[in-house]
Amino acid sequence: MTGYVTMTGPVTMTESVTICDNDRICDNDRICDNDRICDNDRTCDNDRICDNLICDNDRTCDNDWICDNHGISDNGQRFNRTDEKLKKKMRPLYSLLVLFVMSRLAYTTLMFKNINLDLSDTKRQDDETNIDHHPELEGIGKIDCRAQDVVDVSNTSTHRCKIIGVCAECPNLGLTVVPNDLPTDIIKLNLSFNQLELIPDFAFDRYRKLEYIFINSNKLTRLYPSAFANLTVLKVLDLFNNSLEMTGTTFPDEVFSSLISVVSLRISRNNRELNKTELAYPDVALSRMTALQTLYLDGLEIKKSPTAFGRGFRNLTKLHTLMLSGGNPSFGFCNLRSLYNNTFENLGQVGILRLQNCGLFGDRIEADAFKPLINLQILNLIFNENINADSLGNVFYGLRNSRKLERLYINRIVNRYSLSICFESSWLKYIPKSITYLEARENQLEGMDRNTIRMLPPNIEYLDLSGNLFRFGTYFQDLHVMKNLQRLFINGINTNYVIPYSYPAVGHDVIRNASCHLYKETNGLGGKNFILKLPPRLERIQMNNAGLMYRLTELHVDPNNSLNSLSLRFNNFPSLEGPITGLNALKFLDLSYCYIKKILPQFFQNFSSLQYLYLQGNALGDFFYGNRNIKSFFYLSNLKVLNMSYCNIYDLRPAVFSEQRNLTKLSLEHNPLDKFDVNITHMWSLTLLNLSSTHVTTLSPATRRHVDQLHDNNINTTLNLAETPIACTCENLNFLIWMSKSQAFTSGFKGYICVFPDFSNANLATSYQDILKTLTRKCTSNAVLFFIVGSCTAVMIGVIIGLLLYRFRYNLKYLYYAAYTRYQNKNHDDAAQFQYDAFICYAEEDVGFVNNFLKNELVARGLKLFIHSEDFTAGEYISSNIVRAVCACRKTVVLLTRDLVASTWCMFEIEMAKMEAVYSGRQVLLFVIMEKLPKGQIGRDLLYNVKNNTYLEFPGDQSEAEVMVRWWDKLASDIMH
């Protein structure tokens with residue numbers, strides 16, 4: 001492992017996933033991102049209202065009460081615009097937004113949400129990462145307006161407010177005074193985004209049951225002494241984003257005297273000129289609010305004398321959370337610059353302190369500045385880029401003996417344009433040992449000396465070093481000394497900075513001859529025997545977008561670890577080769593968007609416990625097409641969730657998931673798959689098969705049957721074929737009918753597309769039944785027509801074949817019997833060309849002539865005759881005997897008489913002789929006309945044969961003896977030639 005962990009990770013996909021990485025919601029848990037909820041549908045970020053506006057770019061959402069808490073931020077930020085069009089656009093959503101805002105008012109301080117991954121595929125709240133979780137505040141601020149209907153009093157009131165039960169909603173109405181004609185029993189009054197400039201005495205005296213008042217984003221410049229008189233049950237007061245400068249005139253000492261029940265006060269973003277010398281925190285006025293727990297202030301420039309937070313703050317004994325934040329319109333203004341030893345001397349009761357983006361300089365923080373904060377549990381110093389890492393000693397010194405400080409946030413305390421830093425262990429000399437949670441993101445860290453890890457608090461459980469530039473070095477050998485570490489985050493830089501508008505100030509370069517030895521002797525731990533030792537209780541590692549570029553080859557990890565979740569998204573791992581050993585407890589692995597092109601089976605050989613595998617966004621198409629016999633997932637028999645979406649997969653062999661019998665979710669969406677022939681019939685726990693946005697047009701009958709069987713077994717399997725070109729053809733009609741009946745599809749077929757043979761398409765969500773009816777009618781009609789046409793065609797072909805067989809019946813018979821005869825005689829001696837001289841073809845009625853005259857005369861002249869009554873082989877087919885006789889004789893002599901013409905077998909003998917003449921090329925037939933016959937009686941075919949072959953006329957029995965001798969001689973001679 002060499003090279004920097006830089007911000008230049010391989011993020012080229014179109015999918016937007018930066019929100020999760022920044023907000024630490026999805027990426028810590030991975031549920032949203034991997035189920036395609038957060039990335040595509042943005043559902044995951046619904047309760048993080050400001051993700052797309054501010055938090056995602058400025059990296060302030062995680063530490064900002066405004067974004068993560070009960071939503072008051074949206075009142076203060078989204079509508080704080082001069083653009084009237086934007087205001088009008090957002091007005092219709094305001095009422096619903098306020099309900100959401102107040103429903104979460106219990107969390108009136110900064111929140112960090114970190115959903116702890118439940119590997120049984122569930123989500124739960126993890127209070128460990130909630131920076132301002134206050135169990136004592138739960139239940140406060142949950143507004144129950146007890147309204148069934150919204151009452152619009154715009155016709156009866158001069159102020160056009162809406163009354164929702166006991167809540168009055170009056171935002172964006174251009175009000176200049178507090179309405180005095182609202183119901184007296186309201187508990188909430190929302191006057192945000194109006195034009196109020198003053199709050200006169202007894203302005204709310206009519207509404208003494210009020211518990212929540214929102215006057216944020218008005219034009220207030222002054223509060224009268226009795227402005228909030230008689231509001232003894234008020235709990236929340238929001239004066240954010242006005243012009244209430246912190247002077248005695250603006251905040252009279254008695255102004256909050258009646259507010260004995262207020263637990264949350266927000267008066268930040270009121271002091272736009274923080275360098276005014278007359279500005280001071282109104283501690284006397286605030287001291288009357290003895291129940292106050294959460295306070296939001298602008299950060300005035302701190303003076304050493306008098307102390308910034310006056311003695312009145314000591315009276316706020318229940319004050320637990322103090323928020324001073326700048327740098328963002330959603331927060332407020334803050335420019336503390338310095339912290340002195342007496343700055344917090346009256347705030348010893350504070351448990352959570354945020355000094356975010358307050359322009360603090362490390363060399364202006366006195367050593368005991370934080371010492372008075374004896375009850376401090378959470379300290380947030382993020383975005384103070386002038387503190388610098390080498391001044392952490394000044395921060396930690398006053399807290400070195402703290403036993404209560406558990407969480408420390410020091411993200412971006414080094415200027416973003418600084419050169420890389422090697423962290424020295426001496427800078428952690430005074431770090432409180434009680435810390436269990438530490439974030440030090442984006443501090444330009446390149447490495448650390450060998451003692452740094454050993455100097456970290458021994459009980460640290462959560463460590464986030466994301467956004468730094470770490471090189472691989474020998475300090476990694478000490479990871480295992482963090483015995484209690486459970487979560488480690490070393491993600492890459494994921495912030496989009498604005499273009500610089502000034503050069504870095506002098507002093508931003510913090511390198512002070514730092515000596516970092518990354519390549520010390522390894523005590524024999526290197527080379528081929530290298531074994532990576534992890535902290536024994538470490539459960540989760542994240543290195544997303546970390547610029548890692550490796551072939552994942554052989555790696556050995558000490559098996560004494562508890563790692564169950566490993567996320568390596570947005571890196572560059574072209575091939576997964578392995579083997580990797582020692583990760584025996586790993587259940588979750590995310591290798592999404594890592595340019596993976598090859599996966600060898602041995603990579604997963606030792607991952608038998610793996611249940612969740614995410615490979616989306618890689619380039620696996622050519623690998624699966626060209627390596628059809630490789631079983632990449634052979635060893636993953638316990639896998640439950642597999643995501644291979646966006647992988648350019650265009651072909652999958654049927655047995656690719658043959659070992660995944662426990663699979664519950666298979667995601668292949670956004671791949672150019674033309675067909676889905678994968679065998680899933682062994683997956684009896686499958687609940688999701690996502691083939692959306694592929695090229696699949698139908699599913700096989702086996703897949704359909706299996707899905708039906710799953711539902712019969714009470715497995716609620718869901719199929720997603722949205723945005724796929726489902727074929728609306730007669731061939732696919734059965735599938736379309738099955739879709740309409742199956743329980744596997746969401747009702748309405750939203751996003752489903754039907755493609756016709758002419759490539760036109762229709763939306764199944766709006767016209768499914770019409771399409772089904774049309775296809776059913778069309779395909780049924782086509783079936784009848786096809787049957788008729790097919791039947792007629794078959795009959796015609798049969799007739800033609802029959803006619804051809806009849807026409808060439810003798811040819812076929814001859815060929816068959818000739819072949820049969822030759823086969824029967826293949827072992828016989830065949831020395832002579834012909835065994836006989838003449839085969840006599842005659843009718844049975846002429847047998848006397850043959851036996852008494854023809855036979856004697858021809859035999860006497862030396863001819864050998866074949867006569868069927870004497871020479872046919874008994875037991876053979878007659879046809880075979882005839883063909884054998886024709887083939888074995890030099891001539892076939894036909895005695896043409898009326899009886900012969902009427903004999904079928906005689907006609908067959910003549911046809912066989914004719915075929916022999918055709919196929920042998922010799923003259924075979926010799927006709928002897930025994931009597932004169934009419935042409936009509938002879939027949940056209942026979943007459944043709946007589947005329948085209950040699951024939952003799954028999955002279956008759958009465959002829960002279962000399963004539964008969966010559967005739968017999970002539971017949972014998974013609975037979976032999």
Side-chain angles (χ1 to χ4, degrees), residues 50 54-55 58-77 101 104-112 130-134 136-137 140-141 214 216 236-242 244 246 262-271 274 281-283 286 289 291-302 308-309 313 316 318-336 339 343-344 346-347 349-360 370 373 375-384 405 407-411 439:
C50 64
I54 295 172
C55 297
D58 293 341
R59 296 296 301 272
T60 54
C61 190
D62 280 346
N63 299 312
D64 179 23
W65 171 83
I66 310 288
C67 298
D68 278 338
N69 204 29
H70 47 64
I72 295 178
S73 62
D74 287 286
N75 295 344
Q77 190 273 335
V101 166
R104 303 182 65 194
L105 195 58
Y107 305 102
T108 57
T109 55
L110 167 67
M111 282 190 175
F112 265 136
N130 185 348
I131 183 173
D132 300 321
H133 177 68
H134 307 304
E136 69 275 10
L137 293 182
I140 299 177
F214 298 93
N216 50 292
V236 174
L237 177 58
D238 187 0
L239 299 172
F240 174 82
N241 193 28
N242 283 283
L244 297 170
M246 293 185 187
V262 169
V263 296
S264 178
L265 173 64
R266 186 163 69 148
I267 52 176
S268 52
R269 198 167 178 78
N270 277 279
N271 300 270
L274 298 173
Y281 292 115
D283 60 303
L286 293 172
M289 306 172 72
L292 190 63
Q293 299 177 21
T294 303
L295 177 60
Y296 297 85
L297 297 172
D298 287 329
L300 308 180
E301 186 172 348
I302 299 297
F309 300 94
F313 282 93
L316 304 179
K318 295 183 179 181
L319 183 63
H320 182 267
T321 303
L322 179 59
M323 302 291 188
L324 290 82
S325 301
N328 192 296
S330 297
F331 306 157
F333 303 108
C334 191
N335 188 30
L336 299 177
L339 295 177
T343 299
F344 302 115
N346 295 315
L347 292 170
Q349 71 276 32
V350 170
I352 297 175
L353 177 62
R354 174 199 282 178
L355 305 176
Q356 176 176 319
N357 210 335
C358 288
L360 289 172
F370 294 102
L373 301 171
N375 290 299
L376 193 62
Q377 301 170 22
I378 297 174
L379 177 59
N380 185 337
L381 297 173
I382 68 174
F383 306 148
N384 289 288
L405 185 62
R407 299 193 177 207
L408 177 62
Y409 299 85
I410 50 174
N411 304 333
E439 286 191 11

Inter-residue atom distance Leu355.CG - Phe370.CZ, 0.5 Å rounding:
5.5 Å

Backbone of Asn242 reached by a side-chain donor or acceptor of Asn270 within 3.5 Å
yes

Taking Asp298 for the side chain and Arg269 for the main chain, is one N or O donor matched with an acceptor at less than 3.5 Å?
yes

Measuring from atom CG of Leu373 to atom CG of Leu379, what distance do you get when rounded to the nearest 0.5 angstrom?
8.0 Å

Nearest 0.5 Å please: distance from the OG1 atom of Thr321 over to the CD1 atom of Ile352.
4.0 Å

Please list, chain by chain and in numerical order, all residues satisfying ring pair (Phe, Tyr, Trp, His ring centres under 6.0 Å) with Phe333, sequence neighbours excluded.
none

Taking Asn216 for the side chain and Asp238 for the main chain, is one N or O donor matched with an acceptor at less than 3.5 Å?
no

Looking only at atom types and distance, does a side-chain atom of Asn335 sit under 3.5 Å from a main-chain N or O of Leu274, one as donor and one as acceptor?
no

Beyond-backbone contact of Val350 with Phe344, side-chain heavy atoms, under 4.5 angstrom
no

Check: Asn380 side chain, Gln356 main-chain N or O, donor-acceptor pair, under 3.5 Å
no

What's the shortest heavy-atom distance between Leu324 and Cys358, and which atoms?
O-SG, 3.4 Å

Does a side-chain heavy-atom distance below 4.5 Å link Asn357 with Asn328?
no

In Å, rounded to the nearest 0.5 Å, how long is the span from NE2 of His320 to OG1 of Thr294?
8.5 Å

What pair of heavy atoms forms the shortest contact from Phe240 to Pro329, and how long is it?
CZ-O, 3.6 Å

Check whether any side-chain heavy atom of Leu297 lies under 4.5 Å from a side-chain heavy atom of Met246, and answer yes or no.
yes

Rounded distance [0.5 Å steps], CG in Leu292 versus OG in Ser264
7.5 Å

To the nearest 0.5 Å, how far apart are CG in Leu265 and CG in Leu286?
6.5 Å

Nearest heavy-atom contact between Tyr281 and Leu300 is OH-N, 2.9 Å

